[in-house]
Asker: 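Pasting a structure below so you can have a look.
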Amino acid sequence: MSDLNDVQENAKLNSETRNTGKAEPPHGTTEYVAEAEISKNGVGSPKKSPKKGKVGKGDNNKVETELVHTALLEKDNPFMEEGPTGFTKSALLEIPGMRSHNLKNPNEDYEDDSEGLLPLNQESNAETCRTSLSGSINSMNGETSASEEPSVSNRKKSARIHILEAKRVSEGQGRAYIAYVIQFENSTVQRRYSDFESLRSILIRLFPMTLIPPIPEKQSIKNYGKSITGSSSKYLLPSEGSGSVDLSLSVIHASVNNSDEKLIRHRIRMLTEFLNKLLTNEEITKTSIITDFLDPNNHNWHEFVNSSSTFSSLPKSILQCNPLDPTNTTRIHAMLPIPGSSSQLLLNKESNDKKMDKERSKSFTNIEQDYKQYENLLDNGIYKYNRRTTKTYHDLKSDYNEIGEVFAQFAHEQAQVGELAEQLSYLSNAFSGSSISLEKLVGRLYYNINEPLNESVHMATSARELIKYRKLKYLQNEMIKKSLNSKRAQLEKLEAQNNEYKDVDKIIDNEMSKSHTINLERPNNNTGSGGKSYGGKLFNGFNKLASMVKDSVKYQETDPHTASINLKKEIEQLSESLEVTENDLEVISKVIKNDQLPKFSKEREVDLSEILKHYSRYMRNYARQNLEIWKEVKRHQDFA
Amino acid sequence: MTDKGKNDLTSKAKDKARGNPEKPPYWFEIIVSDPQKRTGDPGSSSGYVSYQISTKTNNTSFYDNRGDPESIIVVHRRYSDLLLLHDILLNRFPTCIIPPLPDKKVFQYIAGDRFSQRFTQKRCHSLQNFLRRVSLHPDLSQSKVFKTFLVSKDWESHRKVLQDSLQPNKDEVTDAFMNAFKTVHKQNEEFTEIREKSDKLDRTVTKIDKLFHKVVKKNDSMSEDYTKLGSNLQELQELVTGENEELAAKLKIFNEGVTQLSYGLQDLTKYLDYEYIVDLKDLEHYIDSMRQLIKLKDQKQIDYEELSDYLTRSIKEKNNLISGYGGSNFFANKLEELAGINQEASRREKINKLEGKITSLTGELENAKKVADGFEQECLKEIDHFESVKTAEIKKSLGSLADHHIEFYERILEAWEKVDDSL
């Protein structure tokens, strides 16, 4: 019962959000109404087709659908053996798996979508429309003030989310996972990594034009240690955070080795940042999804998601979502083709672009290159060399410590020479002191500089994903254009054929009349030659018929007509799709270019400034500490 | 330069005030610098490196035929010149610890690396250590050859004469060879202690040397990484310029800090590599030189002990003869009796011979003991000198180490304070 209410509230909030968000003129509204009418007609058309054909197609579609889903299941969930059986369904919600599948089999996937799944999607989409419509109607009847309060309260309070605890939880059969205890305001809830993954997957489809913060990579405990650190060195956790995430508040309740501890801290930091950034996103906080995720009553997140019709009805691919309101994806969106990697080659070969498209695409190409370069500079430059210097500082710490010990031994050996022994002793203290200050520095650099830099790299990757989404939409648009042109050419060809058929009919009529006349004119004379001539003409006629039409006259006449009608319908459909995708593309380009990327740009400026500030402060403190240490040594030397 | 000289003057004055009798009466300040590659001598196929040697001293005799006693004496010498100086000193002062020269570096010679800046800079510092050690020795610093080396403008003619005057020390060579497998029976406890201490010192210095080598490598690596980091920051700055002017400005300011950190690390590393580690290596060589002297002392003592044993055996033999017949000589006596030899006379003759031998050996033994004892005393004196020089060297080296670290941290502190205030 409460779940149902939540669903209704979600639907209502989404609906209101969209209504509020739309600043479109009445013309836009009219267009949507017109589209609705057209879609009604479209929905009705399959019913007119013969029963036999429908039944046969239905069977084929079912079989193919099952095959496709099976393939998706296997490929989308590579960790199926590791995961529990109950969560198999959640694998379908993972976008990355979906995308990778598409990338692997672009042609096959395209064919499946265009041929096999088309009618099925029509039917299921119709049901979806009805459901969502009824949902909206129901939600409109609900209480308006109640739904408004959560958003208001979220905005007013600038409370932050903390992950207080990371602990190992056993789920039977020798398997275990790490549970993160999340605190927000007065409540705490427990979530695991895959819950965060699920949440992000949903958000990407609910808010396709919004920059969704990244979560850490999916890595098992063993792999992380190997790939990231290459050693089991342990870094001192700084006593103060760098402002965004204070790891000293988090407790790890598990006996883990150094690499695992690093991974868990890495996750705690990134997951905390992920949730906090979602809290500050206005679009997302208009819905209750974050509140639901943090609600202790929703004990099992996967169950909550599966029981929610809003989430379950979301299209699997972001490219089939209505960017303005993914929960009300139209029939047209559901039928949109999904471009694979080979489509980019088509784009490169395309030389018939309109000027407007060229300019727009060129603009985004520049943006894409800039963001690619930015990510590369951050990842392979700044992050990489900071990581290396941090490691070298760490190793240097050990050397300094050792030097301190050897100088202490040296001082002991030179005890007979009092002054020298004293001096060596102070130097021993100096190097030991340097070692300690290096340890502090290393801890700070690792947790407060390198980790935020890593986050910045992931944010840059997310930004590029957004740009890529727009690019794929563009490719989708190009595919539809190409398909539309192809269909039109096909229609013209078909009409030309129809004209030819008419000419043939005329010729046949003439031939028949001629042969009749000949027979009447020469009934008894030259029977042999007359018969020969008649037979030859008839033979020619039959040849023509055979070469042009293979079946009966009646069938020939009706089939081109049917094909023509079908083509016209397809063209009409594609025209609708084209119109929709072009509108979507315009909206997406506008939102991404004028809203999301500038916002990201500001955020990265703040983040990088913060990192630079902290780094210079740490270096300053490190230098000051060591300067004092060495000046102390010098004072003693001068005194001696 | 002037300040440095004044400081040294003050330091030397303090030394005098302490009334240390072992200190030489004059002080020297010697700098080896400016390595220059020269073309070879006529007939030589390869070049050599010439070093500038600048000397300042309060010994006025060094300024003979010169107007200004306060001026600096400058000459140019090559490695083989210093090698000759070293060999002459070794030849003329056998009881002294002659400071060691750096190795010839055959590998660097073959690889052609001996003209690289790193190699020549390190050698400069090492040669400077050698000359400074000579100048600190009370006897070596007063030698004529040392003065000629530091002062003479006509070194070429002196060099030939000096080379001719070098004589191989055959006696010592023979002694060393014959005594290669012998050890001292009664070692002076003091020397045992000295040996143990020097072994410890050597091990400790070697450890420090290895550790600082590691530090140098890591600093080099870090300096390089910071340089690359700087390049990437520069590119990032260019990328965001136009879009985030403020961020671009901050990146530029930050890059100043990174650049200074990189340069600072380079300079610190260069000091550690060219000077501090060279000091450690030279100290190890100096310890070896001291060990050589102790070995030489052992040779003298072995000579004495051998003579002592020989004398003891001779005396024993004589006493046996004096004590009369032994049963074991019965057949010998019978044979002599048959031959007609007068046994008594023969016995007396033998005794007389042994007595003469014993007298001679006793004299030689006394001489050997004098030599061994004298050498031992000289050796102890030299070791004391070694200890004081070593101590002074280590202090100076540690002082320099502290200075350079202070300089480094001051530099990066200044840089990062500027960056931190600007951001």
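Residue numbering restarts at 1 for every chain, and letters A, B, ... go by the order of the sequence lines.
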Asker: Sub-4.5 Å heavy-atom contacts with chain A: which residues of residues 250-273 of chain B show up?
Answerer: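 Listed by number: B:Lys250, B:Leu251, B:Phe254, B:Leu261.
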Asker: Check each atom of A:Leu377 against the heavy atoms of chain B and say whether the ones under 4.5 Å are side chain, backbone, both or neither.
Answerer: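 Both backbone and side chain.
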Asker: Is it true that A:Asn448 and A:Tyr618 share a donor-acceptor pair across their side chains at a distance under 3.5 Å?
Answerer: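 Per modelled atom types, A:Tyr618 and A:Asn448 side chains form a pair under 3.5 Å.
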Asker: Could you tell me which of B:Thr204, B:Leu201, B:Leu401 has the largest number of non-hydrogen atom pairs under 4.5 Å with chain A?
Answerer: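 Among B:Thr204, B:Leu201, B:Leu401, the one with the most close pairs to chain A is B:Thr204.
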Asker: Output the option from A:Glu628, A:Lys634, A:Glu605 having the highest count of non-hydrogen pairs under 4.5 Å with chain B.
Answerer: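 The residue among A:Glu628, A:Lys634, A:Glu605 with the greatest pair count is A:Glu605.
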Asker: Which of residues 409-418 of chain B get closer than 4.5 angstrom to chain A, counting heavy atoms alone?
Answerer: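 Listed by number: B:Tyr409, B:Glu410, B:Ile412, B:Leu413, B:Trp416, B:Glu417.
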Asker: Would you check, one step at a time, whether the test salt bridge (Lys or Arg N to Asp or Glu O under 4.0 Å) holds for B:Glu378 with B:Lys381?
Answerer: CA-CA 5 Å; B:Glu378 285 295 316; B:Lys381 201 193 298 180; 3.4 Å; yes
Asker: Parallel, tilted or perpendicular for A:Phe407 and A:Phe410, by the 30°/60° rule?
Answerer: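 Parallel.
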Asker: Can you tell me which portion of B:Ser221 sits under 4.5 Å from chain A's heavy atoms? Options are side chain, backbone, both or neither.
Answerer: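 Side chain of B:Ser221 only, per the 4.5 Å heavy-atom cut-off to chain A.
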Asker: Quick one: do the B:Asp225 and A:Thr389 side chains pair a donor with an acceptor below 3.5 Å?
Answerer: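 On atom types as modelled, these side chains do not qualify, holding no pair under 3.5 Å.
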Asker: Pair A:Asp399, B:Lys218 - check salt bridge (Lys or Arg N to Asp or Glu O under 4.0 Å), show working.
Answerer: CA-CA 10 Å; A:Asp399 288 346; B:Lys218 291 192 170 79; 2.8 Å; yes
Asker: Heavy-atom cut-off 4.5 Å, strictly under: side chain, backbone, both or neither for A:Gln414 against chain B?
Answerer: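 Side chain of A:Gln414 only, per the 4.5 Å heavy-atom cut-off to chain B.
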Asker: Is there a donor-acceptor pair closer than 3.5 Å between any side-chain N or O of A:Ser435 and the backbone N or O of A:Phe431?
Answerer: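 Checking the backbone N and O of A:Phe431 against the side chain of A:Ser435, no donor-acceptor pair under 3.5 Å is found.
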Asker: Have A:Thr390 and A:Asn450 got a donor and an acceptor in their side chains that come within less than 3.5 Å?
Answerer: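 A:Asn450 and A:Thr390 do have a side-chain donor-acceptor pair below 3.5 Å.
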Asker: Quick check: under 4.5 Å, non-hydrogen atoms only, which of residues 593-603 of chain A neighbour chain B?
Answerer: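 Result: A:Ser601.
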Asker: Side chain, backbone, both or neither: which part of B:Leu239 has a non-hydrogen atom closer than 4.5 Å to chain A?
Answerer: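 The side chain, not the backbone.
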Asker: Tell me, out of A:Ser616, A:Ala623, A:Ser609, who's got the most heavy-atom pairs with chain B below 4.5 Å.
Answerer: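 Answer, by heavy-atom pair count under 4.5 Å with chain B: A:Ser616.
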Asker: Could you tell me whether the side chains of B:Gln234 and B:Glu238 share a donor-acceptor contact shorter than 3.5 Å?
Answerer: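 The criterion, which ignores hydrogens and geometry beyond distance, is satisfied for B:Glu238 and B:Gln234.
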Asker: Would you say A:Lys613's side chain and B:Asp420's backbone share a donor-acceptor pair under 3.5 angstrom?
Answerer: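 Yes; at least one donor-acceptor contact below 3.5 Å.
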Asker: I'd like to know if A:Lys468 and A:Glu465 make a salt bridge, using a cut-off of under 4.0 Å between side-chain N and carboxylate O.
Answerer: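 Answer for the salt bridge query: no.
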Asker: When you check the gap from the basic side-chain N to the acidic O, do B:Arg291 and B:Asp199 get nearer than 4.0 Å?
Answerer: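 Between B:Asp199 and B:Arg291 there is a salt bridge, with a charged N closer than 4.0 Å to a carboxylate O.
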Asker: With a distance cut-off below 6.0 Å to the six-membered ring centre and an angular limit of 45° from the axis, does B:Arg195 pair with B:Phe191 as a cation-pi contact?
Answerer: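 Judged by the rule, B:Arg195 and B:Phe191 form no cation-pi pair.
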Asker: Under a 4.5 Å heavy-atom cut-off, does chain B meet the side chain of A:Tyr426, its backbone, both or neither?
Answerer: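 When you check distances to chain B, no heavy atom of A:Tyr426 falls under 4.5 Å.
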Asker: Can you give me every donor-acceptor pair (side chain of residues 205-217 of chain B, partner residue at least two apart or in another chain, under 3.5 Å) with its distance?
Answerer:
| unit_1 | atom_1 | unit_2 | atom_2 | d |
| --- | --- | --- | --- | --- |
| B:Thr206 | OG1 | B:Asp202 | O | 2.7 |
| B:Lys207 | NZ | A:Gln409 | OE1 | 3.3 |
| B:Asp209 | OD2 | B:Lys281 | NZ | 3.1 |
| B:His213 | ND1 | B:Asp209 | O | 3.2 |

Asker: Is B:Glu224 paired with B:Lys228 through a side-chain N to carboxylate O contact shorter than 4.0 Å?
Answerer: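 Looking at B:Glu224 together with B:Lys228, the answer is yes, because their closest N to O distance falls below 4.0 Å.
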Asker: Looking at A:Arg620, A:Arg617, A:Gln373, A:Glu402, which has the largest count of heavy-atom pairs under 4.5 Å with chain B?
Answerer: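 The residue among A:Arg620, A:Arg617, A:Gln373, A:Glu402 with the greatest pair count is A:Arg620.
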Asker: How close do A:Tyr622 and A:Ser437 get, heavy atom to heavy atom, and via which atoms?
Answerer: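 Closest approach of A:Tyr622 to A:Ser437, heavy atoms only: CE1-OG, 3.6 Å.
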Asker: Does the pair B:Glu393/B:Lys390 count as a salt bridge with the N-to-O cut at 4.0 Å?
Answerer: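 No, B:Glu393 and B:Lys390 are not salt-bridged.
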Asker: I need the minimum non-hydrogen distance between B:Ile287 and B:Ser198, along with the two atoms involved.
Answerer: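 It is CG2-O, 4.0 Å.
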Asker: Need one label for A:Val406: side chain, backbone, both or neither, based on atoms under 4.5 Å from any heavy atom in chain B.
Answerer: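 For A:Val406, the contact with chain B is made by backbone and side chain together.
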Asker: Quick check with a 6.0 Å cut-off and a 45 degree axis cone: is A:Arg604 positioned over the face of A:Tyr374's six-membered ring?
Answerer: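 A:Arg604 over A:Tyr374 ring: yes.
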